[in-house]
Amino acid sequence: MSKERIHTGGKPCKCKQCEKCFNGAGELRRHERIHTGEKPFKCKQCNKCFNQRGNLKGHERIHTGEKPFKCKQCEKCFNGAGELRRHERIHTGEKPFKCKQCNKCFNQRRNLKGHERTHTGEKPFKCKHCEKCFRAAGELRGHERIHTGEKPFKCKQCNKCFNQRGNLKGHERIHTGEKPFKCKQCDKCFNQRGSLKIHERIHTGEKPFKCKQCDKCFREGGSLKCHERVHTGEKPFKCKQCEKCFNHPGTLTSHERIHTPEKPFKCSQCDKCFRRAGHLRTHERIHTGEKPYQCKQCEKCFRRAEHLKCHERIHTEEKSYKCNHCNKCLSSAQSLRKHDGVHCSEKSREKEPRTKSRGTKESARKDDNNTCDFIIGIHRPCTIQEECLNQNEEYICWICQEKLKSEKLLSKHYQDHIALLP
């Protein structure tokens, strides 16, 4: 009779709760456990309970390691027939689950359900620790590991651990060099899909993360969080060496390299090393000649964004930098440093005793060495012995805090900063 019902479409057994119909009484009983919450099938290993015997069998394979269901395409094995069917859709490209709102298709029902909550705004999965809500159970599990500190996903190459499998996969591509996610606009490749999405906003101009305090917008949620600390004054990242605090973990990491000789970012052209990746990228433009920042008014190009901003003030005639000595306003920090040199040189002349050597070519040469940095826009303290010399008799660059052994090396070091100017 059950076979006849399959052919005829007759389903005589009806659920009283949801009026769903089934071919046999056994199917009806299994379904009714969804409403009653009954889970009569218990795992002997971990005492986890299930409402269907088949689900228990599939679960027990987790403990035994048995994976009897094998994919014909890639020979990957699974412990359940349902998992195998879902996996096979990767090879066939089948996406049978379609969103009614935007017609987007998915290869798994749960992915569709999670997507539909994007339209409804529903976030049914709530964290017990901070009451933050999520659209999917997987997102909640990954979030809860922040509170527990659990990092179950370990890299086999460097033993680094992660709280989410996706983060581990992205990290492993650092070792393999794989970058499967390619930008359609500029062909730049990335090792994570999220990094590609953030990059694409450079081309679209999209900045979906908006500050509630000042309406400033950002491409990344992390950038918004860091920006909000400007308003709150929060600096949660503290240096263990000097106890200086920062509002961004990346800034702290870069700062900590001041205390160590570490310079992990090396130029492939001239082998020069840097503490920050940004400094390396800026330096590499010297070799490539790249000037990605263009003025909209006169189309002049620059290597650095801050140089473009300074240049644009020529067109706007904005003068936002004020001298503390004479209240004169200038258009850039560079011009202000140059202007400050006038006051510094005046003070040094007042303190300097009149000697026979003053006014000679040799003394003029020394004055030129001390003030040349003001002319080109890099401010160096007037009295290097007092301002730059530390207790260990090391000369410290005021721009990047690098330690050097002599005043001569410090002067040469400043020339590297000069080379970065447009």
Using a 4.5 Å cut-off on heavy atoms from C-beta on, say whether the side chain of [Y] contacts that of [X].
X: L84; Y: E88; value: yes
X: L280; Y: E284; value: yes
X: F237; Y: R229; value: yes
X: K98; Y: N103; value: yes
X: Q241; Y: E256; value: no

Roughly how far, to the nearest 0.5 Å, is [atom2] of [Y] from [atom1] of [X]?
X: L224; Y: K212; atom1: CG; atom2: NZ; answer: 9.0 Å
X: C77; Y: E83; atom1: SG; atom2: CD; answer: 11.5 Å
X: C329; Y: K322; atom1: SG; atom2: NZ; answer: 6.0 Å
X: H227; Y: F218; atom1: NE2; atom2: CZ; answer: 4.0 Å
X: K188; Y: L196; atom1: NZ; atom2: CG; answer: 11.0 Å
X: H143; Y: C127; atom1: NE2; atom2: SG; answer: 3.5 Å

**Asked** Could you go step by step and tell me if E131 and K126 meet the side chain to side chain contact (heavy atoms under 4.5 Å, CB included) rule?
**Response** CA-CA 6 Å; E131 297 187 353; K126 192 174 182 179; 3.6 Å; yes

Under 3.5 Å: donor-acceptor pair, side chain of [X], backbone of [Y]:
X: S223; Y: R219; result: no
X: R61; Y: N79; result: yes
X: R117; Y: R135; result: yes
X: R33; Y: E38; result: no
X: R275; Y: S254; result: no

Using the ring centroid of each side chain, check whether [X] and [Y] are separated by less than 6.0 Å.
X: H87; Y: F78; value: yes
X: H199; Y: F190; value: yes
X: H307; Y: Y293; value: no

Taking atom [atom1] of [X] as the centre, does the number of heavy atoms from other residues, nucleotides or ligands within less than 6.0 Å exceed 12?
X: N324; atom1: CG; result: no
X: R281; atom1: CZ; result: no
X: K263; atom1: NZ; result: yes

Smallest separation among heavy atoms of [X] and [Y], with atom names:
X: P152; Y: N163; answer: CD-CA, 4.1 Å
X: K244; Y: H255; answer: CD-CE1, 4.1 Å
X: C242; Y: C239; answer: N-SG, 3.6 Å
X: Q192; Y: G170; answer: CG-CA, 3.7 Å
X: C13; Y: G24; answer: SG-C, 3.6 Å

**Message:** The test is side chain to side chain contact (heavy atoms under 4.5 Å, CB included); show your working for H279 and T282 and say whether it passes.
**Reply:** CA-CA 5 Å; H279 291 169; T282 304; 5.7 Å; no

**Prompt:** side chain to side chain contact (heavy atoms under 4.5 Å, CB included) between R257 and F265: does it pass, once the steps are laid out?
**Reply:** CA-CA 12 Å; R257 296 189 188 115; F265 304 101; 3.6 Å; yes

**Request:** Just do the side chain to side chain contact (heavy atoms under 4.5 Å, CB included) check on L112 and E116 with the steps written out, would you?
**Result:** CA-CA 6 Å; L112 172 61; E116 285 173 339; 3.8 Å; yes

**Message:** Using the rule given for ring pair (Phe, Tyr, Trp, His ring centres under 6.0 Å), can you reason through F50 versus H59, listing the C-alpha separation, both sets of side-chain angles and the distance that settles it, and then say yes or no?
**Reply:** CA-CA 9 Å; F50 300 87; H59 167 79; 4.9 Å; yes

**Request:** Identify the residue among E290, H283, R285 that makes a side chain to side chain contact (heavy atoms under 4.5 Å, CB included) with H287.
**Result:** H283

